[in-house]
Visitor: 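Shown below is the structure under consideration.
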Amino acid sequence: MTINAEHDRVISKKRKRGTEKGNELVKGSGKLVKFDDEDDAETKSTHSKQQISVPKPLPVLEPQSNDRRKSKKERAKKVEKTTENFESPPSDVHEIGGKATTSLSGQIHRSNASQPQTKHSTHLAKRSNAHQRNETQVPPHLSKKRDALLSTRKALPIWPHAEYIRAALRKNNVLVLTGETGSGKSTQVPQFLMSEPWCTKTIAITQPRRVAAISLARRVADEMGSLLGNQSPSAKVGYSVRFDNAAGPNTKVKFLTEGMLLQEMLRDPNMSQYSAIIVDEVHERSVNVDLLLGFLRNLVAETDQGTKRRNPLKVVVMSATVDVEGLVAFFDEGLAPLEVKTSDSKDQHNSCSSDSGSGNSSQKIPDIQSAVAKDNDQNARGTNQEQIRTPRISTCHVEGRQYLVKTVYLSEPTQDWVEAALKLIFQIHYKESLPGDILVFLTGQDTIEGLEKLVNDYAEGMDKEVPKLLPLPLFAALPQHAQQQIFQPTPYRTRKVILATNIAETSVTVPGVRFVIDCGKSKIKQFRNRLGLESLLVKPVSKSAAIQRRGRAGREAPGLCYRLYTEEGYKELEERTIPEILRCDLSQAILTMKARGVDDVLNFPFLDRPPREALEKALLQLLQLNALTDVGAISDTGLKIAKLPLTPTLGRVLVEAAERDCLLDVIDIISALSVENIFLNLVTEERKEAAEVARRELYRREGDHMTFLVTVQMYTEEHSDRKSWCEKHFVSHRAMQNVMNVRKQLHQQCTSLKLLSPHASTTSSSSAPSDSKTQAILASLLRGFISNTARLMPDGSYKTLMGNQLVAIHPSSVLFGRKTEAIVFSEFVFTGKAWARGVSAVQLDWVSEVVDAIM
DNA sequence: GAGCACTGC
């Protein structure tokens, strides 16, 4: 049943029944099977099953005010009690001193350190304090904060492992550290290492996302009693993300995004300013992290052989889930074969492991264990003698802090998980007392908005005694202020229902969630090499993603996770999400490798090796862009492109524009292409029509790219009130601010790459672009996007010039519905149909001109 | 005729 059909059904039913309310919902719903969930969802079959009883009559709800206060008090009591009984931190104190929760605007909501701040006077604390005193004068308010935080730090599961971690890295250059959410690894490990004898320079610690890098840096600065790098020259903690560098001359611990470190690596291949690189959140397996690990493996192998660096580079690889063996083998294979011999390699794998987080267990330092010897290594050397492996890669595992979450499956599979989710939302709402918000994982904006409407419609008919339901959508394209709503305190007698995409899986931590509903699907991007087309389709999630989603229910208290699929369905899921590097267009990654000096990309140490076809396709593409020479070496053009924060195609467009004397215009266009949609997505017909009129002065018949140019130009020329200019034209002000950031960065980089004269004006000509200018701009676009061209067919459809692939102009394009002899487009996406987005009209002979120039 | 999950430089 579609959302709309369901919606109609609901409405008509509501009209008929009037007062029967939400109870109706659960009737006829598939029965749910419930399992007790220990740690391991995979072993369910042995667990006792129980049928969830379908709709109880309306639960009698106690007066909420008392109820809520009482339960809070009770919980507080529980914390105290636990603290008395155990030396280890109470499990209620979740993530103390660990990650700060970040909202999307970068605001930080730190978890309260509810740990009583008693005076600890262990020798560790003394040592730490004395150490700090000797170094610099710390302003009193900073040292006060630092001392207050110390007890919280000591309560972290990772704290007892400090000495082990230090010893491991004194002995070996590589440490693989697994630690679950809340273990404190991201904040503590750099602090453990910074006063080590080998640590004469900076420690870098990478994060996949900007907000994480910034909030962790703030947290660690507080813990160390330091300012941030840009606040004072003496600051010891800093961060570096795009558009925001807060690292100072004395920065000892530097948090940065993976992409930022890769860029630094292009300038300084040996990472000579760092003593250690900590790569965090490796399990997310971004393309950047895969490249980093490959580069680091080579670097470690080089320093292992005593070249280039004075002190060997230390590498810590940190990951949440366990693929220790794989990571250990990965780094070990890079090292030179060892001469010595030893007994059975299997027994050598003893690692440090925390004692279920109880904290006081591991004061004794375990032996540093060795990497597992690889069989094929031995075979390669053609000897029957057993090889000795001196320990070379250390491992360590630290428990996290997570409450138990029960998992509930459907007893029968369902096609309509929107309906199933709707039923469950109300079932939970009627059955479970407050507080406890619901987080629903859905696939996209469409289903989210559909379900939001359904929940609202149903909720209208609820009894007045029943607490209210507040559905809140959450997806990346949602305006900032709307996203902020999930961080607002829940109103009195209300339960929030957050309807989210997988943005809530990693990027945004939603507070207050006790119930998770997981539809088991998500939209996955997959690049098709042969067509040069990326598809975005709804696919089943992996087990690890499902586990991650479930974990969102247990961050503040024990929780419940409802999976809108059967237990059998769960077992059939892939173990892990396919790493991005196996799914994406590799041209940018390959260019980065070439720029970093990797000549033989086919034999680059990939953690997961992309298929040869994908690598070759990317090489071919780079060759076509003249980023590589005929022999496959990086060209001058390629080097320039690699340093730009753009895909190789867009980088090539920019270089071409410099030659065709339209660089400033093309920078404006590319800046607009680099951010999310600059034109607001409008819902109602009324607003859509109003927008059509208001944007008339922006739209250009040449297509989207010239429209972007005019929009950016008019925006920059608006000096009085840009915000109201945006409102007037139904343009996203936030997107335009991002455009201006990118534009400024591109101006700077083009200047330093000598594509732009330092004296050039920073604004493109304000008057409407002449025909010849327009043609130069479109020719530059064609140079990069020559394979993204299509011609009009007699039947009115478009087919790509290379590949004869059917393609339609996307409804968001200003050329939507228009017929023109040929088009060039900057995006080629398949979502049920092949769409061209970012489309410009061109003439066929321009296309052949560019083709001739390339051949 | 109809629609994009999420990061990052």
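So you know, we letter chains A, B, ... as the sequences are listed, proteins then strands, and number each from 1. Since the model is a prediction, treat every value here as computed from it, not as a measurement.
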Visitor: Starting from the 5' end of DNA chain B, give me the residue, A:S674 or A:L536, whose nearest nucleotide shows up first.
Guide: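 The 5'-side residue here is A:L536.
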Visitor: Nearest whole angstrom, please: distance from the P of B:dC6 to the CD1 of A:I578.
Guide: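 Roughly 20 Å, once rounded to whole Å.
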Visitor: Considering every strand and a 4.0 Å limit on heavy-atom distances, what is the contact class for A:G832: base, sugar-phosphate, or nothing?
Guide: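 Touches nothing.
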Visitor: Looking only at side-chain atoms of A:T257, point me to the closest of B:dT7, B:dC9, B:dA2.
Guide: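 That would be B:dC9.
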Visitor: Can you figure out which of B:dC9, B:dA2, B:dT7 approaches the side chain of A:R209 most closely?
Guide: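 It is B:dT7.
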Visitor: Closer than 4.0 angstrom, basic N to acidic O: yes or no for A:R209 and A:E284?
Guide: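 Yes.
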Visitor: Does the separation of the ring centres of A:F295 and A:F604 fall below 6.0 angstrom?
Guide: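 They qualify: ring centres under 6.0 Å apart.
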Visitor: Remember a base hit wins even if backbone is also touched, and classify A:Q588 as base, sugar-phosphate or nothing at under 4.0 Å, heavy atoms.
Guide: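 Touches a base.
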Visitor: Roughly, in whole Å, what's the span from CG in A:N738 to P in B:dC9?
Guide: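 Nearest whole value for this atom pair: 12 Å.
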Visitor: Under a 4.0 Å N-O cut-off, is there an ion pair linking A:R210 with A:D244?
Guide: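 No salt bridge links A:R210 with A:D244.
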Visitor: For A:N502, which contact category applies under a 4.0 Å heavy-atom criterion: base, sugar-phosphate, or nothing?
Guide: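 Counting heavy atoms under 4.0 Å across all strands, the contact made by A:N502 is with sugar-phosphate only.
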Visitor: With a non-hydrogen cut-off below 4.0 angstrom, is A:Q526 in contact with a base, only sugar-phosphate, or nothing?
Guide: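 Answer is nothing: A:Q526 stays at 4.0 Å or more from every strand.
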Visitor: How would you label the contact of A:L262 with the nucleic acid (heavy atoms, under 4.0 Å): base, sugar-phosphate, or nothing?
Guide: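 Result for A:L262 = nothing.
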Visitor: Which listed nucleotide (B:dC9, B:dA5, B:dG3) is nearest to the side chain of A:P811?
Guide: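 Minimum distance to the A:P811 side chain belongs to B:dG3.
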Visitor: Taking the side chain of A:K819 as heavy atoms from C-beta outward, which of B:dG1, B:dG8, B:dC6 is closest to it?
Guide: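 It is B:dG1.
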Visitor: In whole angstrom, what separates A:E580's CD from B:dA5's P?
Guide: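 That distance rounds to 17 Å.
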Visitor: So what does A:V241 hit on the nucleic acid, given a heavy-atom distance under 4.0 Å: a base, only sugar-phosphate, or nothing?
Guide: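 The answer is sugar-phosphate, as A:V241 gets under 4.0 Å only of primed atoms, P, OP1 or OP2.
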Visitor: In whole angstroms, how far is the P atom of B:dC6 from the CG atom of A:D585?
Guide: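 Checked: the CG to P distance equals 20 Å.
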Visitor: Does a side-chain N or O of A:T443 approach OP1 or OP2 of B:dA5 to a distance below 4.0 Å, or not?
Guide: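 For A:T443, the contact criterion (side-chain N or O under 4.0 Å from OP1 or OP2 of B:dA5) is not met.
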Visitor: Using a strict threshold of under 4.0 Å (side-chain N to carboxylate O), is an ion pair present between A:K453 and A:E449?
Guide: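 Salt bridge absent between A:E449 and A:K453.
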Visitor: How are the rings of A:Y565 and A:Y570 set relative to one another: parallel (under 30°), tilted (30 to 60°) or perpendicular (over 60°)?
Guide: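 Plane angle under 30°, so parallel.
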Visitor: How long is the line joining CD1 of A:I503 and P of B:dG8, in whole Å?
Guide: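 Rounding to the nearest Å, CD1 of A:I503 and P of B:dG8 are 10 Å apart.
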Visitor: Base, sugar-phosphate, or nothing for A:S286, non-hydrogen atoms under 4.0 angstrom?
Guide: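 Nothing: the residue A:S286, judged by heavy atoms under 4.0 Å, touches no strand.
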Visitor: B:dC6 P sits how many Å from A:L442 CG, rounded?
Guide: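 The answer, rounded to whole Å, is 12 Å.
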Visitor: Is the phosphate of B:dA2 approached by A:S812 (side-chain N or O, under 4.0 Å from OP1 or OP2)?
Guide: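 For B:dA2, OP1/OP2 do not have a side-chain N/O of A:S812 under 4.0 Å.
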Visitor: With a cut-off of less than 4.0 Å, is there a side-chain N or O of A:R210 near OP1 or OP2 of B:dC9?
Guide: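 Checking B:dC9 against A:R210, a side-chain N or O does come within under 4.0 Å of OP1 or OP2.
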Visitor: Does A:L646 reach a base, just sugar-phosphate, or nothing at all? Heavy atoms under 4.0 Å.
Guide: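 Contact class for A:L646: base.
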Visitor: Can you label the angle between the A:Y699 ring and the A:F679 ring as parallel, tilted or perpendicular, going by 30° and 60°?
Guide: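 A:Y699 vs A:F679 ring planes: perpendicular.
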Visitor: At 4.0 Å (heavy atoms only), tell me whether A:S522 reaches a base, stays on the sugar-phosphate, or touches nothing.
Guide: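 No contact at all - A:S522 keeps every heavy atom at 4.0 Å or more from the nucleic acid.
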Visitor: Round to a whole Å and report the spacing from CD of A:E676 to P of B:dT7.
Guide: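 From A:E676 CD to B:dT7 P: 10 Å.
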Visitor: Can you measure A:Q263 atom CD to B:dG8 atom C1' for me and round it to whole angstrom units?
Guide: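 The distance from CD of A:Q263 to C1' of B:dG8 comes to 10 Å, rounded to the nearest Å.
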